[in-house]
Amino acid sequence: MAGQRVRTRFAPSPTGYLHVGGLRTALYNYLFAKKMNGDFVIRIEDTDQSRRVEDAEKNLISSLEWAGIVADESPVRGGNYGPYVQSQRLSIYRDYCMQLLEERNAYYCFSTAEELEENRQLQLKQGLQPKYNRKWLPEEMGGNMPSSEVRKKMEEGAPYVVRMKVPDYVSVWFEDLIRGPIEFDSATIDDQVLMKSDGFPTYHFASVIDDHLMEFTHIIRGEEWLPSMPKHLLLYEFFGWEPPKFAHLPLLLNADRSKLSKRQGDVAVEDYIRKGFSSEAIVNFVALLGWNEGEGSEQEVFSMNELIQKFSLERVGRAGAVFNVEKLNWLEKQYIKTRPVAQIVSNIKPLLLEELKGRPFEMPEPLITSDAYLGKVVDLMRERVNYEHEFVTFSSYFFFEPESYEPEAVQKRWTSEIPALLQEFATVLESCGEFTAESIEEALKAFVVPKGLKPALLIHPLRIVASGVSFGPSLYHMLEVLGKETVLRRIVRGIDRIGQGS
RNA sequence: GGCCCCAUCGACUAGUGGUUAGGUCACCACCCUUUCAAGGUGGCAGCACGGGUUCGAAUCCCGUUGGGGUCACCA
């Protein structure tokens with residue numbers, strides 16, 4: 001075992017989209033593997049055909065790759081331990097099941113679902129733990145069922161499942177990498193179904209076999225799996241396999257501290273992508289939900305490479321963490337503030353092109369779609385925007401004429417003297433040689449001061465006619481970027497449309 | 001209910017016997033300022049409780065309380 005190459009896995013079932021909790025589990029597996037120079041593997045656990053969702057596998061993998069989590073081995077990539085889809089490994093499970101049967105660590109069970117349910121209700125009524133009553137445990141394994149009965153049912157072709165025989169009164173013990181020693185009493189463990197009546201294995205059976213055959217060294221998964229550890233450990237024991245190391249991650253929580261679920265907000269990674277969050281922010285945020293660098297570190301922003309470098313299971317906490325979006329919002333802004341201009345420009349351009357198709361605009365298209373122009377918009381807006389798409393949607397006046405003028409702003413800033421003043425100032429601007437922030441500022445001050453007026457008197461109305469809203473970047477810089485022609489046009493139109501004010 | 005896990009500001013957390021219990025988000029105030037942001041400064045706010053152990057406990061032990069997970073032919 002020592003010196004062995006580290007191998008970890010993320011093993012989702014293809015029943016829907018990628019859950020943010022799943023993303024974190026995958027991320028920790030990935031970070032740990034990469035940190036240790038090992039392999040990260042994706043395996044698809046599709047042993048429940050009834051819950052199979054079309055395209056889920058593809059979505060899962062593409063969401064992970066969006067986040068920058070790329071597997072070394074997976075159904076699409078292949079590898080030396082395949083197939084990586086459990087439904088393609090059925091014969092393997094069948095063989096190992098036979099072995100358990102022969103060694104009397106498992107037995108056939110012909111109880112019907114109705115029978116089981118009846119039994120459950122009865123036990124519940126008696127105040128007992130609902131547990132399989134071992135009706136079909138054969139005599140030679142310490143039960144009451146004669147083997148002739150089992151044979152008879154078999155010959156009839158009756159549907160059956162295979163259950164593991166949990167030994168009585170043994171205690172099962174293991175050392176969790178995050179939680180330390182944990183002990184279970186076998187008396188509380190049910191005779192878990194291993195093979196279902198449709199010939200598919202259950203999760204417990206398939207994952208133990210695959211985890212062994214695929215030679216994973218560390219199983220990093222959610223805390224919800226802790227209670228089924230003894231079953232898994234027993235299976236390793238039956239087969240005489242050395243179990244891998246286990247690390248059970250704390251849960252991601254809702255605001256009320258229950259297990260993170262839909263109904264109380266978005267849980268799908270896709271939801272956050274749609275809202276406009278970047279993979280850097282999501283990965284950064286989710287990494288910090290349960291892990292921290294420790295040792296007095298005050299770093300909050302981590303790149304994937306830094307995470308790989310700094311990650312360790314020892315620094316993973318034990319208590320659940322509330323998935324609180326406020327900090328995610330802040331992180332997103334941090335990334336927008338520091339992302340290279342060229343990258344943002346190339347990210348937002350397709351969105352802008354799309355917008356331009358559906359809305360009338362008057363500024364020259366080659367200009368407003370140029371990298372130079374977009375770069376200026378980004379510089380002006382990057383500290384005022386929450387998501388990249390807001391460069392287009394939140395500050396649309398850089399591309400489209402204002403459709404309306406914020407009533408509160410007009411009410412506050414548009415006095416009866418403004419139209420004439422703006423009219424006059426427009427002629428000043430028109431004769432302006434250079435149309436730069438500096439020259440505009442100079443011109444405005446030179447215009448206003450002799451009249452005994454304050455710059456603000458004109459600044460606000462100018463902003464309103466130019467952008468339609470009361471907030472935004474530095475007025476002078478904004479006007480410079482918009483350009484003389486556009487600014488003059490908007491002044492005239494603004495005066496016309498707002499009129500004498502209220 | 002049985003079993004298992006967990007417990008530091010509202011949230012994420014640092015802290016591994018001696019600290020004025022630190023940082024970040026959010027919130028509040030002030031500064032900067034043409035607006036909105038960004039930024040700066042300051043502030044509010046926490047060791048669930050009770051017993052031990054110890055000269056000394058957020059830190060170690062036990063218990064209580066609280067929260068969560070899990071008890072399927074789902075994963």
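Order of the sequence lines fixes the chain letters, A, B, ..., with proteins taken first and strands second; residue numbering starts at 1 for each chain.
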Side-chain donor or acceptor of A:Asp46 paired with backbone N/O of A:Ser87 under 3.5 Å: yes
B:rC28 versus B:rC9 - spacing of their C1' atoms, nearest Å: 15 Å
Sugar-phosphate only, base, or nothing, as touched by A:Pro473 at under 4.0 Å among non-hydrogen atoms: base
Residue matched to B:rG42 through Watson-Crick or wobble contacts both under 3.5 angstrom: B:rC28
Derivation of the salt bridge (charged side-chain N to carboxylate O under 4.0 Å, His left out) call for A:Lys131 and A:Asp191: CA-CA 8 Å; A:Lys131 210 173 157 186; A:Asp191 279 359; over 6 Å; no
Mate of B:rC49 where both pairing distances stay under 3.5 Å, Watson-Crick or G-U: B:rG63
Whole-Å gap separating C1' (B:rC5) and CD1 (A:Ile182): 7 Å
Any donor-acceptor pair under 3.5 Å from A:Tyr28 side chain to A:Ala287 backbone: yes
Among A:Arg382, A:Lys337, A:Arg339, salt bridge (Lys or Arg N to Asp or Glu O under 4.0 Å) partner for A:Glu388: A:Arg339
Pairwise P distance, B:rU41 and B:rA11 [rounded to whole Å]: 26 Å
Derivation and outcome, side chain to side chain contact (heavy atoms under 4.5 Å, CB included), residues A:Leu260 and A:Val20: CA-CA 9 Å; A:Leu260 187 62; A:Val20 289; 3.3 Å; yes
Pair assignment for B:rU19, Watson-Crick or G-U wobble, requiring both distances under 3.5 Å: none
Separation of the P atoms in B:rC5 and B:rU53, to the nearest angstrom: 27 Å
From CZ (A:Phe398) to CZ (A:Phe391), nearest 0.5 Å: 10.5 Å
Sugar-phosphate, base or nothing in reach of A:Lys333, heavy atoms under 4.0 Å: sugar-phosphate
Please list each protein N or O that sits under 3.5 Å from an N or O in nucleotides 70-75 of chain B, with the distance.
unit_1: B:rU70; atom_1: OP1; unit_2: A:Lys259; atom_2: NZ; d: 2.8
unit_1: B:rA72; atom_1: OP2; unit_2: A:Arg120; atom_2: NH1; d: 3.2
unit_1: B:rC73; atom_1: O2; unit_2: A:Ser197; atom_2: N; d: 2.9
unit_1: B:rC73; atom_1: O2; unit_2: A:Ser197; atom_2: OG; d: 2.7
unit_1: B:rC73; atom_1: N3; unit_2: A:Ser197; atom_2: OG; d: 3.2
unit_1: B:rC73; atom_1: N4; unit_2: A:Ser111; atom_2: O; d: 3.3
unit_1: B:rC74; atom_1: OP2; unit_2: A:Lys196; atom_2: NZ; d: 2.9
unit_1: B:rC74; atom_1: O2'; unit_2: A:Asp48; atom_2: OD2; d: 3.1
unit_1: B:rC74; atom_1: O2'; unit_2: A:Arg51; atom_2: NE; d: 3.3
unit_1: B:rC74; atom_1: O2'; unit_2: A:Arg51; atom_2: NH2; d: 3.3
unit_1: B:rA75; atom_1: OP1; unit_2: A:Thr47; atom_2: OG1; d: 2.8
unit_1: B:rA75; atom_1: OP1; unit_2: A:Lys196; atom_2: NZ; d: 2.6
unit_1: B:rA75; atom_1: OP2; unit_2: A:Tyr203; atom_2: N; d: 3.2
unit_1: B:rA75; atom_1: O3'; unit_2: A:Glu45; atom_2: OE1; d: 3.2
unit_1: B:rA75; atom_1: O2'; unit_2: A:Ser13; atom_2: OG; d: 3.3

Nucleotide B:rC4, atom P - distance to CZ of A:Phe184 in whole Å: 7 Å
Check: A:Arg315 side chain, A:Trp291 main-chain N or O, donor-acceptor pair, under 3.5 Å: no
N or O in side chain of A:Asn292 less than 4.0 angstrom from B:rA14 OP1/OP2: yes
A:Phe277 and A:Tyr387 aromatic ring geometry - parallel, tilted or perpendicular at 30°/60° bounds: perpendicular
Sugar-phosphate only, base, or nothing, as touched by A:Leu226 at under 4.0 Å among non-hydrogen atoms: sugar-phosphate
Any N/O donor-acceptor pair, A:Arg179 side-chain to B:rC5 base, under 3.5 Å: no
Lys/Arg cation over aromatic A:Tyr132: A:Arg163, 6.0 Å, 45° cone: yes
Ring centres under 6.0 angstrom apart (A:Tyr272, A:Phe323): yes
Toward the 5' end of RNA chain B, by each residue's nearest nucleotide, A:Ser297 or A:Gly472: A:Ser297
Parallel, tilted or perpendicular: ring planes of A:Trp225 versus A:His232, cut at 30 and 60 degrees: tilted
A:Gln334 vs A:Arg315, nearer the 5' end of RNA chain B by closest nucleotide: A:Arg315
B:rC71 versus B:rU13 - spacing of their P atoms, nearest Å: 25 Å
Nearest-angstrom distance from the residue atom CZ of A:Arg221 to C1' of B:rG69: 14 Å
Distance, rounded to the nearest Å, where A:Leu479 contributes CG and B:rU35 contributes P: 16 Å
A:Glu223 CD - B:rC3 C1' separation (whole Å): 13 Å
Sugar-phosphate only, base, or nothing, as touched by A:Glu183 at under 4.0 Å among non-hydrogen atoms: sugar-phosphate
C1'-based separation of B:rC36 from B:rU70 [nearest Å]: 50 Å
Rounded P spacing from B:rC61 to B:rC44 in Å: 34 Å
C1'-based separation of B:rA57 from B:rA21 [nearest Å]: 13 Å
Pairwise C1' distance for B:rG51 and B:rG68, with rounding to whole Å: 26 Å
Any strand: nucleotide that pairs with B:rU33 via Watson-Crick or wobble, under 3.5 Å: none
Separation of B:rG69 C1' from A:Asp256 CG (nearest whole Å): 14 Å
Distance, rounded to the nearest Å, where A:Asn329 contributes CG and B:rC27 contributes C1': 15 Å
Plane angle bin for A:Phe447 and A:Phe425 - parallel if under 30°, tilted between 30 and 60°, otherwise perpendicular: tilted
Whole angstrom value for the distance that separates C1' of B:rC5 from CE of A:Met229: 13 Å
Candidate nucleotides B:rU35, B:rC36, B:rC5, ranked by approach to the side chain of A:His460 - the nearest: B:rU35
Sugar-phosphate, base or nothing in reach of A:Lys337, heavy atoms under 4.0 Å: sugar-phosphate
Listing time: all N or O pairs from protein to nucleotides 9-12 of chain B that are below 3.5 Å?
unit_1: B:rC12; atom_1: OP1; unit_2: A:Val322; atom_2: N; d: 2.8
unit_1: B:rC12; atom_1: O2'; unit_2: A:Leu288; atom_2: O; d: 3.2
unit_1: B:rC12; atom_1: O2; unit_2: A:Lys327; atom_2: NZ; d: 3.4

